[in-house]
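A short worksheet on the structure shown next.
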Amino acid sequence: MNQSSQTETKRDGSGSIVGTERRGVIHSWSRTLIPTAKDAPSDAEAPSHKLLSRGGFIRRVGAGIYEYLPLGWRVLTKISNIVREEMDAAGGSEFLMPALLPTELLKETGRAEAYGDLLFRFEDRHGRDSYLGPTHEEVITDLMRGTISSYKHLPLNLYQIQTKYRDEFRPRAGLLRCREFLMKDAYSFAMSVEGPGGLNEQYDAMDRAYQRIFERCGLDFTRVEAESGPIGGSASHEFMVNCATGEDTIMVCPKTGYAANVEKCETGPRKHDFAGDPSGELEEVHTPGCPGIEDVSKLMKVKPRNMLKTVVFKVQSTAADLEKFGEEWVLAVVRGDHDVNEGKVRDAAGCPVVLADAEEAKAKGFAIGFVSPRAAVGKKGVLLLVDPDAAQGVDTASGKPMFWVTGADKVDHHVKHFNWVRDLGKDPVEAERAGDKFLMVADIRNAVEGDPSPRAEGVALEAKRGIEVGHIFKLGTKYSEAMGFEILDEKQERRPVIMGCYGIGVSRTMAACVEMIHDENGIVWPAPIAPYHVILVPMTNDAASDVMRVACDLSGRLARAGCDVLVDDRDERPGVKFKDADLIGVPLRIVIGEKALAQGGVEFKVRTDAGKGEVVAVDGVVERCLAMLG
RNA sequence: CGGGGUGUAGCGCAGCUUGGUAGCGCGUUUGACUGGGGGUCAAAAGGUCGCAGGUUCAAAUCCUGUCACCCCGACCA
């Protein structure tokens with residue numbers, strides 16, 4: 001086998017094994033597998049799922065598991081190759097790690113627990129605990145600590161394109177949320193954050209590479225600031241394909257271009273004022289079995305925006321930290337129609353926090369589900385954090401006293417007419433003025449549409465939907481410290497290596513592209529990732545005909561010019577071929593029929609144009625294609 | 001994990017209430033006619049009705065269990 005492949009290399013017409021110009025492929029529809037269908041499987045809902053299924057790109061094997069048929073694989077290969085080129089250009093080296101891994105690897109970072117049920121775990125026949133990799137930080141850190149021993153080996157950036165596994169509770173939307181999916185993951189290693197070869201430089205290089213990758217793929221995308229999430233680390237950006245059907249919400253400042261996901265998005269300054277007269281006598285209401293805002297809202301017929309939501313956090317830190325911070329609990333208060341943001345609570349409190357364990361909080365005297373801001377007063381070591389929109393004594397819209405409903409601090413009860421000054425247990429206006437360190441007003445909620453932009457005064461944030469296709473993180477030393485990946489620097493000091501990690505959901509990108517752009521006839525591929533650039537539709541498949549001769553000649557010329565060509569040589573009626581050509585979304589269609597051919601022409605049509613297309617001289621059509629494909 | 005739903009031919013579905021010969025459309029095969037946006041006619045192939053028990057002379061249909069899958073929610077690099 002080796003021998004024959006060597007021979008073939010020599011037969012390559014170029015006589016060289018490097019630097020040859022790319023030659024396109026020519027495939028016949030009848031000699032590949034493109035099972036198009038009129039009906040999508042009944043479980044397909046998302047447009048990308050329906051169209052990729054109907055077009056014969058993918059086929060479902062099990063929940064969240066898909067076969068990539070030739071058409072689908074061609075698209076994935078094209079995306080992968082763009083990713084490869086840009087990663088290599090940015091200094092990355094491709095390699096491959098296993099997907100099947102011993103769970104032992106996760107011991108040092110504790111991520112088997114952190115991932116929980118999302119991790120595909122099982123025992124092999126010898127009883128060894130194993131898992132299928134959802135990501136590979138531990139694996140590569142383990143590799144590197146056994147391989148790299150000097151700062152002279154750094155900086156480095158390694159990447160792989162590989163199948164990943166996540167045991168999603170609910171896979172959905174076809175390729176958009178799978179249990180098995182194709183992903184590119186890259187990892188960078190550096191000795192410093194700043195300076196040449198440092199993390200920041202590597203991160204910026206990846207940032208630029210990602211922008212080029214998604215531009216080259218022909219995607220309309222937004223780069224947003226993001227929370228780094230469970231992977232950990234210090235800075236992070238997401239690349240979102242702009243698409244109204246996207247699962248993720250991003251916030252955009254229309255003036256400055258600032259963009260962030262809802263979790264990360266800052267808000268501009270918002271005014272607050274606790275002062276204001278009570279809207280009425282404090283009144284207790286029986287709300288049995290209604291700990292949630294929505295239930296209470298329905299039961300009491302009160303709008304969520306008139307309710308105060310109080311969420312109990314526990315400070316998560318060492319005894320020494322406790323001494324320093326002097327607080328053990330954090331009560332975060334936001335308006336009922338807003339969501340508390342844990343990251344912002346952490347930043348405002350100045351220490352790590354976790355959502356309190358219900359039992360533990362109850363033991364401390366918090367009536368979980370029925371807590372009010374008053375619960376913070378009179379207890380030792382409880383910080384009261386209030387979002388500006390909740391810290392209002394007057395309803396700014398009407399000018400009337402603000403009507404608040406909040407918990408009654410006992411199970412199954414809420415109160416009406418809560419007033420900050422009268423009912424808190426201490427005067428918040430006075431407390432603020434005196435610099436009370438157990439009362440703070442700060443932005444602690446997720447941004448919503450209409451919030452003031454943090455970057456431009458008087459400009460409101462807009463909400464947009466997107467599909468996350470890329471994510472880059474500055475990891476820092478999280479993994480190298482946990483796993484003892486330290487090497488000597490030029491001063492002979494042992495230091496943990498500084499890491500970054502960079503992911504692209506390759507299979508998700510394919511689906512996101514279909515979500516982003518399609519029409520009632522089918523998929524519309526951007527040329528760089530289309531499975532074929534041109535589909536030739538001969539109106540007869542009689543091999544001896546002029547039509548077929550021209551089809552052969554044209555496909556050869558197109559391929560030599562670098563176009564991937566699909567020849568629809570099926571014995572089907574024209575209507576069927578046209579419908580299928582539109583469905584699979586090939587950017588250019590050339591119909592070769594006797595009538596036009598008699599005048600030396602063929603019909604040239606761009607996928608998104610209506611009608612038959614335009615008659616172009618056979619001799620000029622290759623150039624025309626190349627011009628259109630840019 | 002909570003709520004709802006579905007498993008019948010490759011795909012989409014009917015039949016189940018009221019037990020008795022397994023059906024329709026698309027697709028597939030053969031033949032003829034056709035031939036520029038999913039054609040027409042004729043013939044044919046293809047199903048242990050998710051699986052396992054039970055009731056019954058008889059189960060796709062009723063009962064019990066089980067598995068799988070989907071939708072909404074919760075969760076989510």
Side-chain angles (χ1 to χ4, degrees), chain A residues 33 35-46 49-50 53-56 59-65 111 114-119 133-137 164-174 176-179 181-186 226-233 236-240 247-249 261-263 292 294 339 355 467-473 475 501-508 520-522 537-542 547 568 570-583 589 591-597 602-603 605 609-613 615:
Chain A
L33 180 69
T36 56
K38 272 190 195 173
D39 296 314
S42 60
D43 51 39
E45 291 222 324
H49 190 186
K50 282 185 180 161
S53 299
R54 284 188 53 210
R59 206 161 163 102
R60 200 182 68 92
V61 178
I65 313 169
R111 273 218 297 178
Y115 259 106
D117 290 337
L118 229 46
L119 194 67
T135 174
H136 281 75
E137 283 81 6
K164 303 278 184 195
Y165 297 87
R166 287 184 51 156
D167 196 358
E168 291 284 350
F169 275 128
R170 188 151 93 75
R172 73 185 107 173
L176 289 174
R177 187 158 296 275
C178 282
R179 295 198 298 167
F181 54 99
L182 239 202
M183 178 165 160
K184 187 275 318 186
D185 48 326
E227 277 286 325
S228 43
I231 283 192
S236 170
H237 286 87
E238 285 173 351
F239 293 80
M240 318 283 294
E247 274 193 315
D248 296 307
T249 303
N261 67 19
V262 263
E263 289 79 32
E294 209 152 294
D339 290 316
L355 202 60
I467 301 168
E468 180 191 349
V469 289
H471 204 157
I472 56 179
F473 303 84
L475 288 178
C501 84
Y502 317 92
I504 290 180
V506 176
S507 48
R508 184 186 270 187
E520 64 281 3
N521 296 315
V537 185
M539 294 309 289
T540 163
N541 62 345
D542 174 4
V547 165
D568 191 350
R570 294 175 300 170
D571 185 16
E572 286 289 355
R573 300 172 63 83
V576 173
K577 294 189 178 190
F578 296 153
K579 284 283 185 192
D580 274 348
D582 284 350
L583 176 60
R589 187 185 83 186
V591 176
I592 307 159
E594 276 167 13
K595 274 179 223 157
L597 207 52
V602 291
E603 289 162 22
K605 184 178 103 64
D609 287 348
K612 290 173 70 168
V615 176

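Chain letters run A, B, ... following the sequence lines, proteins first and then strands; every chain starts at 1.
- Within 4.0 Å (heavy atoms only), A:Phe181 reaches at least one base atom of the nucleic acid.
- Here the separation of B:G19 from B:C11, taken at their C1' atoms, is 30 Å to the nearest Å.
- Rounded to a whole angstrom, the distance from the P atom of B:C24 to that of B:U66 is 36 Å.
- With hydrogens and angles ignored, no donor-acceptor pair under 3.5 angstrom links the side chain of A:Arg172 to the base of B:C71.
- B:C75 and B:G2: their C1' atoms are spaced 12 Å apart (whole Å).
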Legend entry - Nucleotide-resolved protein contact map, nucleotides 10-16 of chain B, B/S/- at heavy-atom distance under 4.0 Å: SSSS---
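- Of the listed nucleotides (B:G36, B:A77, B:C72), B:A77 has the atom at the smallest distance from the side chain of A:Arg166.
- For B:G38, the base has a donor-acceptor partner in the side chain of A:Arg54 [N/O atoms by modelled type, under 3.5 angstrom].
- Listed for the A:Lys577 side chain is a donor-acceptor partner under 3.5 Å among the backbone atoms of A:Asp568.
- For the salt bridge (charged side-chain N to carboxylate O under 4.0 Å, His left out) test, no residue two or more places apart in sequence or in another chain qualifies with A:Asp248.
- Out of B:G37, B:C70, B:A77, the shortest distance to the side chain of A:Ala63 is found at B:C70.
- For A:Arg60, the side-chain atoms get nearest to B:C70 when compared with the rest of B:G36, B:C70, B:C75.
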